[in-house]
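I have placed the structure first, in the form of structure tokens, so that the comments after it can refer back to it.
Counting starts at 1 for both ligands and their atoms, in listed order. Worth knowing before you read on, the calculation uses all heavy atoms, side chains too, and leaves out hydrogens, waters and symmetry mates.
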Amino acid sequence: MPNDLFVAEQRALLVARLERAQLRLRALEQHLRRTDRELPQDFADQATEREGDETLDALEARARAEIVASRGALARMDDGTWGTCVACGDEIGDARLAAVSDTATCVRCAT
Ligand SMILES: [Zn+2]
């Protein structure tokens, strides 16, 4: 089991990361839902705009994934299973937890 201080440190980082991801997602959603935008007349510009939207979709998907992963890790901290591999039940190890604090699996089960 990771010690309490380490868990508290990682929890603070996860909460901060979760909040940042939520803010980013909100900003992206507002940007994606804008309805007053007029499409450029030039086709090349339209294509560029669409590519831009796809990038925004990707960013939105990443923000959502980060929110899910952070919430999952925080929930595991709450129920005391954070640091235990969900696949094999072994300890994940502090080094890996410090590097990937939202991981649910040990190195061996990660691939
Ligand atoms: Zn494992």
Notebook entry, point to check: Cluster question for you: counting only ILVMFWY and a side-chain heavy-atom cut-off of under 4.5 Å, with indirect links fine, are Leu13 and Phe6 together?
Noted result: no

Checklist line | Partner of Val86 by side-chain contact (heavy atoms from CB on, under 4.5 Å), out of Thr103, Ile92, Thr105 | finding: Thr105

Notebook entry, point to check: Does some side-chain heavy atom of Arg108 sit less than 4.5 Å from a side-chain heavy atom of Asp90?
Noted result: yes

Notebook entry, point to check: Salt bridge or not for Glu66 and Arg62, using N-O below 4.0 Å?
Noted result: no

Next item on the list: Starting from the C-alpha separation in whole Å, work towards a yes-or-no answer on side chain to side chain contact (heavy atoms under 4.5 Å, CB included) for Gln10 and Leu97.
Entry: CA-CA 8 Å; Gln10 294 301 318; Leu97 287 171; 5.6 Å; no

Note to self: Keeping to distances under 2.8 Å, can you name the protein N/O/S atoms close to the Zn ion (ligand 1)?
What the structure shows: Cys85 SG, Cys88 SG, Cys106 SG, Cys109 SG

Next item on the list: Check Asp4, Asp78, Asp102 against Arg11 for a salt bridge (charged side-chain N to carboxylate O under 4.0 Å, His left out) and give me the one that passes.
Entry: Asp78

